[in-house]
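What follows is a set of notes on a single structure, which appears directly below.
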Amino acid sequence: MDIKVTLTEAIEQAAEKAIADGVFAKAELPLVVLEIPPQREFGDFATNFAMQSARVFHMAPRRIAEALAERIQGDWLDHVQIAGPGFINFYLKSNVLYDTFARILEQGENYGILPAKDVPRIQVEYVSANPTGPLHVGHGRGAATGSALVNLLRAAGYSVQSEYYINDAGNQIDNLAASVNARYMELLGKESDFPENGYHGADIVDTARRIIKKDGEKYLAMPEQERLAVFKERALQEKLAALREDLEAFNVTYDVWFSERTLHPDAVHEACDILKKNGNMYEKDGAFWLKSTAYGDDKDRVVIRDNGVPTYLAADIAYHRNKFERGFGKVINIWGADHHGYVCRVKAAMAALGYNPDNLEVLLLQMVSLYRGGELVKMSKRTGQSVTLAELIEEVGTDAARYFFIMRSLDSQLDFDLDLAKSQSNDNPVYYIQYAHARIASIFRQARETGLAVGPSPKLSLLTDAMEISLIKKIGEYAEEVDKAAAEYAPQRIARYAYELAGEFHSFYNKCRIMGVGQELAEARLALVGSTAQVIRHALGILGVSAPEKM
RNA sequence: GCGUCCGUAGCUCAGUCGGAUAGAGCAACGGCCUUCUAAGCCGUGGGUCGUGCGUUCGAAUCGCACCGGUCGCACCA
């Protein structure tokens, strides 16, 4: 039995008993919240239950705490203490710690994988960059965070499907084709105006070059519309392949690549028909408008233009309807903060279609700034001077890039220090964590040589050093950390946890030796560091960062 | 003007469904390698939690106003 559950029940029972004894007024009990006290001297666990219930029992918190303390007992409890304004601090028998740790050891590699949750499937859509150019650093944050979130939710027992929405319809793809066309003509020495909203990146020239290399000048003879159609498909295929490649190099893969084209025209019309029928869409000035103001938006939005061409929103309405129709209980989108203005209208559209807009969760990622040598690296989409994800990976590596992208809360703007990410020192949190893992691997290599191994039931009660106790406790917090981080959609919590766990290990390592301390203690310590390595591996796995055996 | 997010130590950030002396890393300073990886450890100093008012027994945390920064406010995607 989980000790926190045991404690919670003991507190509730003590309160019920005090009510039965006539000490407390009959009242609804507040929720029991257990926390790990900020300081060791305050015990293993603490609760503010007495303070929370002061109002309902009409008693001073410390008196409530006293009445509860008298009524709490269990063979797991050493003693309780009342402190501060009315905290109840619990000091547990030491065997509780060892029993808990023994169960973690039994779980082995499965520790950190939570039981499947009985809730509907979750979908996470992220990156979904237009296939019109390479991914840049901003997409990198989305890619790292999104994939880590998917891993995290799965570890926490949710069923998750990951998805990339390919914007392969509409203007930007026509511009892509026109841009490739312009480069094609240019390379073959023909007159051609570069499209006004064209893409200036070098990758477009490369695409044109590859077309020439493969098929030569044969498209010159083709009518322009036909040629554009060919180039469109060719460019799209290349761009998609490049996206996939960049993402895979970044430890990012998807269950589904969803093409926007498949929504046109049927799915878009279907969605519009529903909205027209239920009165949430109306015609004005020849266009069709979503009555989004009825659902909290600032203004109504055009869905079908007066020329009959659907807006981007039209496809998005059909797309999100499609997601809900696929039966997901929760639909999560990870967007850049620059799209925040768009959230309200998509949610409004879902509400207008009769879905619960709260089941669409849009996580907004704040902007990324790169720093090199203490200076901001200027980025500009317009001139194509932005740093690409591939360049970033080339410079700092996948592990460092992923960790740095994930380590901050999504709400915070991210200052990405390239020098720090590259540095092979303890300043660099990624190396700090990986180093802990490599050190442990090294210990096991040496243990193997000396014939030392963890037996079936190591004598854990020999682990009495303060460093050992605190490392055991930290390992014990991991499962709950996974659960919390998942519930909050906060992969950065795992990044921080891994860092803290590595810190606990390094402290232990400098204090306690494993080889040459006697067989039983050595075995127990080997079990401890083995478990540490396993948890670091699992946490890094969630983050999509490697756990090296050697550094 | 409206909206988003942010404002905590010199720097980068935790902590935010209210609770015990506000934490970590870097930077500064001082220690620790004849023993499992010093990419490590131990220690010292450093904070009006942007400002004000309010709610509360209690506010970095909740509410309101203001200040500073950020991103956005299309029949673009």
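Convention: sequence-line order gives letters A, B, ...; per-chain numbering from 1. Everything numeric here is computed off the predicted structure, so don't read it as measured data. Scope of the values below: all heavy atoms of this structure, side chains included, with no hydrogens, waters or symmetry mates.
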What residues 520-536 of chain A contributes to the RNA chain B interface at heavy-atom separation below 4.0 Å is none

Stems in RNA chain B, runs of 3 or more consecutive Watson-Crick or G-U wobble pairs with both distances under 3.5 Å, sorted by first number, are B:1-3 with B:71-73, B:5-7 with B:67-69, B:10-13 with B:23-26, B:28-32 with B:40-44, B:50-54 with B:62-66

Cation-pi between A/Arg439 and A/Tyr509: NZ/CZ under 6.0 Å from ring centre and within 45° of the ring axis? yes

Does the side chain of A/Thr311 get closer than 4.0 angstrom to OP1 or OP2 of B/A74 through an N or O atom? no

Could you list, one pair per line, each protein nitrogen or oxygen that sits under 3.5 Å from a nitrogen or oxygen of nucleotides 19-24 of chain B, together with the distance?
residue	atom	partner	partner atom	Å
B/G19	N7	A/Gln52	NE2	3.4
B/A20	N6	A/Asn89	OD1	3.1
B/A20	N1	A/Asn89	OD1	3.0
B/A20	N1	A/Asn89	ND2	3.1
B/U21	N3	A/Gln39	NE2	3.4
B/U21	O4	A/Gln39	OE1	2.8
B/U21	O4	A/Gln39	NE2	2.5

Using the test ring-ring contact (aromatic ring centres under 6.0 Å, His included), find all partners of A/Phe24 that sit at least two apart in sequence or belong to another chain. A/Phe57

Is any side-chain N or O of A/Arg439 closer than 4.0 Å to OP1 or OP2 of B/A38? yes

Output the residues of residues 170-179 of chain A in contact with RNA chain B, where contact means a heavy atom of the residue under 4.0 Å from an atom of the strand; sort by number or write none. A/Asn171, A/Gln172

To the nearest Å, give me how far apart CZ (A/Arg301) and C1' (B/G72) are. 12 Å

Between A/Glu523 and A/Lys459, does any NZ, NE, NH1 or NH2 come within less than 4.0 Å of an OD or OE carboxylate oxygen? no

Please confirm whether any donor atom in the side chain of A/His340 sits under 3.5 Å from an acceptor in the base of B/G3, or the reverse. yes

Expressed as a whole number of Å, how far does the C1' atom of B/G46 sit from that of B/G25? 14 Å

For atom CG of A/Asp419 and atom C1' of B/C11, their distance in whole Å: 14 Å

Expressed in angstrom and rounded to an integer, what is the separation of A/Lys484 atom NZ from B/G15 atom C1'? 12 Å

Heteroatom pairs (N/O) under 3.5 angstrom, protein to nucleotides 27-33 of chain B:
none

